[in-house]
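The analysis underlying the following values was restricted to heavy atoms, covering all of them including side chains, and did not include hydrogens, waters or symmetry mates.
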Amino acid sequence: MTIIDGKQLSETIKLEIAQEVAAIKAAGGKIPHLAAVLVGENPASQAYVGSKVRSCEQVGFQSTLVKRDASISEQELLSIVDELNQDPSVDGFIVQLPLPGHIDENKVILAIDPRKDVDGFHPVNFGRMAQGMPSFVSATPYGILQMLERYNIPTDGKHCVVVGRSNIVGTPISILLSRKAKVGNCTVTLTHSRTKDLPAETRRADILIAAIGIPEFVKGDWVKEGVVVIDVGINRIEDPASKKGYRLVGDVDFEQVAPKSSYITPVPGGVGLMTVTSLLMNTLKAAKKEIYP
Ligand code: NAD
């Protein structure tokens, strides 16, 4: 069993990005610039945005944090999006989700210029991704592809079972892995809350991707020997023994599933770190105008 080390892999990729940024700088080029919009005080969102900004500094990007109170109106937020769309110094930006209930998230996503949509949430990028055209691939699925590629895990002809059909993880990764591509050519089963006999489906998986949001949901007898497990879930569970009073676990019962796996991602230290790194990769692509020349 090999543990896919998201921390080490993301450090390697960040180093590659930092070298490229140094070369751009040395040649007198413009340093890539990522902006992040954070609305409200959601602690998880604050932590995610904080780590995105720190990662930008690590690789030498310029970063801007636009912070607004939860009471901001939808119109005000749309004006900020418009300003970032127009600002030639900003290569890419994200609006951290979830947004307060009075703001229509879809309206905000649709307002982002697809050329700066480094989260890959805009339907133009999603549609281009689905059709195999150059696009910003959303960060978590992109990170999963990187993990499979860089650990040389064969995907061709494999049966991949995805649990969870969210727009940001389950659905895009199911499309990506079924595409005719270097990391792809899987036969994919996309499962969800209405799937009948989920364990029967997951037992057929050569590659299992869990993006559900239920702590340690996938059990040892739900997988076959040799399965490759990508655990996307990040769940807090109470742990009085820990200083913070909680610890993070995935959607997979690691203790039970790891011994049967050929490869498995840990939580923490797996997909989460790759998500931030993928955002940096997308920002570099935006700065180099790779997707939209
Ligand atoms: P979501 O809440 O949008 O979707 C959950 C999906 O799980 C739904 O499609 C639903 O049909 C399915 N589901 C729910 N209950 C189920 C059940 N009993 N059986 C089968 N399927 C069921 O989730 P999301 O945004 O994709 O996030 C999923 C998990 O991944 C969360 O823990 C989240 O925190 C985590 N996440 C991690 C990263 C990362 O960077 N590692 C990024 C995004 C999300």
Side-chain angles (χ1 to χ4, degrees), residues 4 6 9-10 42 44-45 47-49 51-52 94-99 105-106 109 112 117-123 125-130 135-149 153 155 158-179 181 183-184 186 188-195 198 201-202 205 207-218 222 227-236 248-252 254 257 263-282:
I4 299 178
L9 191 52
S10 63
N42 178 330
S45 294
Y48 290 142
V49 169
S51 109
K52 286 165 188 176
I94 59 154
V95 179
Q96 185 66 43
L97 304 180
L99 293 169
E105 284 186 359
N106 284 337
I109 290 170
I112 297 173
D117 169 39
V118 283
D119 253 343
F121 291 166
H122 193 287
N125 279 312
F126 195 97
R128 290 172 67 112
M129 178 275 294
S135 65
F136 291 115
V137 172
S138 56
T140 304
Y142 192 16
I144 295 171
L145 295 183
Q146 287 296 317
M147 285 177 143
L148 294 170
E149 182 172 0
I153 296 171
T155 56
K158 301 292 180 190
H159 189 174
C160 174
V161 177
V162 179
V163 191
R165 58 181 160 188
S166 70
N167 284 344
I168 61 167
V169 189
T171 298
I173 195 65
S174 72
I175 295 170
L176 287 161
L177 284 174
S178 62
R179 288 193 324 187
V183 183
C186 287
V188 177
T189 303
L190 179 58
T191 67
H192 44 75
S193 53
R194 302 291 180 91
T195 297
L198 183 60
E201 299 296 339
T202 56
I207 301 171
L208 178 68
I209 299 180
I212 314 150
I214 306 177
E216 299 174 327
F217 185 64
V218 176
W222 290 29
V227 64
V228 174
V229 178
I230 307 289
D231 188 356
V232 182
I234 300 179
N235 309 291
R236 282 183 183 192
L248 296 180
V249 297
D251 288 344
V252 172
F254 189 86
V257 172
Y263 293 89
I264 187 164
T265 62
V267 179
V271 177
L273 295 166
M274 288 300 294
T275 297
V276 179
T277 305
S278 304
L279 182 67
L280 301 178
M281 291 171 76
N282 275 343

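A search for side-chain hydrogen bond (donor to acceptor under 3.5 Å, both in side chains) contacts involving Arg165 returns His192, not counting sequence neighbours. Residues satisfying the side-chain contact (heavy atoms from CB on, under 4.5 Å) test with Leu148, not counting sequence neighbours, are Ile144, Ile153, Thr155, Leu177, Val183, Val228, Ile230. Checked against side-chain hydrogen bond (donor to acceptor under 3.5 Å, both in side chains), Thr140 has the following partners two or more places apart in sequence or in another chain: Thr275. For Tyr48, the ring-ring contact (aromatic ring centres under 6.0 Å, His included) criterion is met by no residue, not counting sequence neighbours. Every residue was checked against the salt bridge (Lys or Arg N to Asp or Glu O under 4.0 Å) condition with Glu105, not counting sequence neighbours, and none meets it. Residues satisfying the side-chain hydrogen bond (donor to acceptor under 3.5 Å, both in side chains) criterion with Thr202, sequence neighbours excluded, are absent altogether. Every side-chain hydrogen bond (donor to acceptor under 3.5 Å, both in side chains) that Asp117 has, sequence neighbours left out, goes to Asn125.
Atoms NZ and CD1, on Lys52 and Ile94 in that order, are 3.5 Å from each other to the nearest 0.5 Å. Here CG of Leu97 is found 5.5 Å from CZ of Phe121. Values are rounded to the nearest 0.5 Å. To the nearest 0.5 Å, atom OH of residue Tyr142 and atom CG of residue Leu176 are 11.0 Å apart.
Here the closest heavy-atom approach between residue Arg128 and residue Ser135 is recorded as CB-CB, 3.7 Å. For Cys186 against Ile207, the heavy-atom pair with the smallest separation is SG-CD1, 4.2 Å. Between Ser138 and Ile168, the shortest heavy-atom contact is OG-O, 3.5 Å. Nearest heavy atoms, Ala130 versus Ile175: CA-CG2, 3.8 Å. Across Val218 and Val257, no two heavy atoms sit closer than the pair O-CG2, 3.6 Å. Here the closest non-hydrogen pair linking Gln146 and Leu9 is O-CD2, 4.3 Å.
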Tell me, with the steps shown, if Trp222 and Val252 meet side-chain contact (heavy atoms from CB on, under 4.5 Å). CA-CA 10 Å; Trp222 290 29; Val252 172; over 6 Å; no
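Of the possible polar contacts, none joining the Thr265 side chain to the Ile4 backbone as a donor-acceptor pair under 3.5 Å is found. At least one donor-acceptor pair closer than 3.5 Å links the side chain of Ser278 to the backbone N or O of Gly143.
The only member of Thr195, Val163, Val161, Thr171 that meets side chain to side chain contact (heavy atoms under 4.5 Å, CB included) when paired with Leu190 is Thr171.
A 4.5 Å side-chain heavy-atom check between Val249 and Val267 finds every atom pair outside the cut-off. When side chains are defined from C-beta on, Ile264 counts as touching Phe254, because their heavy atoms get closer than 4.5 Å. Contact check for Leu279 versus Asp119: side-chain heavy atoms found under the 4.5 Å cut-off.
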Would you be so kind as to tabulate the donor-acceptor pairs closer than 3.5 Å made by side chains of residues 209-216, with sequence neighbours excluded?
none

